[in-house]
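First comes the structure, then the notes that go with it.
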Amino acid sequence: MSARIINRPRSRRLFCVAALGALVAVSGCTASNMTKDGEPIDPLVVAMYAPVEGEPFRVPAVPIAKVDPKLYRQTVTTPPTISAEPGTIVVDPYEKFLYLVQEGGQSIRYGIGVGKQGFAWSGTAEIHDKQHWPKWFPPQEMQERDEYAAQFPDGMDGGPKNPLGSRAMYLYEGKCNADNLRSPSCRDTLYRIHATSEPLSIGKAVSSGCIRMWNQDVIDLYDRVPIGTKVVVLSTGAPQSIESPAMVELPMQIGEPVVVALPASPAI
C-alpha cells in the first residue's frame, strides 16, 4: 500500500518548525528523530507532531520516536473493503485506523486508540456537534468505580488533564438538525472521536472509552470535516463492506464520554 505523509502547516510558526526540523535532519540525528529501529524520521513528520501553537492550553509534541511509524498521519490507497464516498470517515477499531476518504481512491489515514474491550456500537452516524477543549462528563457508572472520575460529578472543564483533550466530535443517528439533538428523531450514539493526553495509547486497546487520537491529528481531522459528516464504524475484524454495518442498541443517556464495553479483538 502506497503512503504519503500529510503535513498541513496551520500557521507560519508551524511552517518555521518544519524548516527547523529539516535543518536538524541535515545537521545530524538525535534520539528524538530516530525510530525505535534506528531509522531517521522524516523531518515533515517531526514538524507535523511538534508542539501546537495558538491553543489556549499547551499541546506538547508527540513522542514519535516511541511509536510505530504506521500510526503517523498519511495518505494511503483506500482499502478495497471501503467503498464510501469522499468526505466519509471510516473507523476500523481492530486495525486501529481511522480513514478520511478522499477523491481518486485515496484516504487520509490516522492512527487511533480504542477501549480495551472493543466496541459495543458500530454502524453509521453523522457528526452533529464539534467542540474545542470540551468539558468531560464522566458517566455515573464510571464515577462509582473510579475515585478520580468521582471528583467530577458536574463535569471537568476543558484543559490538558481533561480525558477528551483538545477536540471532540459527537456522533448522532437519525434525521438530525441543530434543533433536535438528543431527541427521538436524533439519537445520541454516545460515541465520540476525541483527543488523548496519553499519546502512547494510540495504536492500542488499553482503556475504556471511545476513539482517541493524538491532539495534532484530531485537530487536523476536526478542521477538515464539517457538521453532517458521515461516520461509519466497522463492526468486526474481518474484511467487509461498510454498507451493511452491524448495529447494537444503547440506552438513551447523556454523558461524555460514555464507557462502552466491546468484544475483545483477536489482534490485541
Do [X] and [Y] touch side chain to side chain, with heavy atoms closer than 4.5 Å?
X      : Y      : value
Asp92  : Leu98  : no
Glu85  : Lys230 : no
Met156 : Lys135 : no
Gln106 : Thr77  : yes
Arg109 : Lys70  : yes
Lys66  : Leu200 : yes
Glu39  : Pro69  : no
Val232 : Val91  : no

Search all heavy atoms of [X] against all heavy atoms of [Y] and return the closest pair with its distance.
X      : Y      : value
Ala61  : Pro51  : CB-CD, 3.6 Å
Ala84  : Val90  : CB-CG2, 4.1 Å
Gln143 : Pro153 : OE1-CA, 3.5 Å

For the [atom1] atom of [X] and the [atom2] atom of [Y], what is their distance to the nearest 0.5 Å?
X      : Y      : atom1 : atom2 : answer
Ile211 : Lys96  : CD1   : NZ    : 9.5 Å
Tyr99  : Thr75  : OH    : OG1   : 12.5 Å
Ile89  : Ile127 : CD1   : CD1   : 4.0 Å
Ile41  : Leu44  : CD1   : CG    : 12.5 Å
Tyr110 : Leu100 : OH    : CG    : 5.5 Å
Arg167 : Asp220 : CZ    : CG    : 11.0 Å

Results of side-chain contact (heavy atoms from CB on, under 4.5 Å) for [X] - residues two or more places apart only:
X      : result
Asn177 : Asp179, Asn180
Leu181 : His128, Tyr172, Cys176, Cys186
Asn215 : Val59, Ser166, Ala195

- Residue set satisfying salt bridge (Lys or Arg N to Asp or Glu O under 4.0 Å) with Asp68, at least two apart, ordered chain then number -> none

- Query: So is Lys130 actually on top of Tyr170's ring, under 6.0 Å and inside 45° of the axis?
  - Reply: no

Do the side chain of [X] and the main chain of [Y] share a donor and acceptor less than 3.5 angstrom apart?
X      : Y      : result
Arg58  : Glu53  : no
Gln131 : Met169 : no
Gln216 : Val52  : no

- side-chain contact (heavy atoms from CB on, under 4.5 Å) assessment of Arg187 paired with Arg182: CA-CA 5 Å; Arg187 189 176 74 91; Arg182 295 192 178 101; over 6 Å; no

- Please lay out, stage by stage, how Ile82 and Val101 fare under the test side-chain contact (heavy atoms from CB on, under 4.5 Å). CA-CA 9 Å; Ile82 294 178; Val101 179; 4.1 Å; yes

- Check the pair Gln74, Ile108 against side-chain contact (heavy atoms from CB on, under 4.5 Å), reporting the backbone distance first and the verdict last. CA-CA 6 Å; Gln74 55 196 281; Ile108 301 175; over 6 Å; no

- Message: Could you go through Asp188 and Arg192, starting from their C-alpha distance and side-chain angles, then the distance that decides it, and tell me whether this counts as salt bridge (charged side-chain N to carboxylate O under 4.0 Å, His left out)?
- Response: CA-CA 10 Å; Asp188 184 354; Arg192 286 77 171 100; 2.9 Å; yes

- Query: Using the ring of each side chain (for Trp, its six-membered ring), is Phe152 parallel, tilted or perpendicular to Trp136, with breaks at 30° and 60°?
  - Reply: tilted

- side-chain contact (heavy atoms from CB on, under 4.5 Å) with Ile202: which of Asp217, Val62, Thr196, Ile112? Thr196

- If you look only at pairs with a residue in residues 57-88, which of them pass as a ring pair (Phe, Tyr, Trp, His ring centres under 6.0 Å), with sequence neighbours excluded? Phe57-Trp133

- Of all residues at least two apart in sequence or in a different chain, which pass the ring-ring contact (aromatic ring centres under 6.0 Å, His included) check with Phe97? none

- Would Thr229 and Glu126 satisfy side-chain contact (heavy atoms from CB on, under 4.5 Å), going step by step from the backbone distance to the final call? CA-CA 5 Å; Thr229 293; Glu126 293 182 349; over 6 Å; no

- Query: More than 12 non-hydrogen atoms from neighbouring residues, nucleotides or ligands closer than 6.0 Å to CD on Gln151, yes or no?
  - Reply: yes

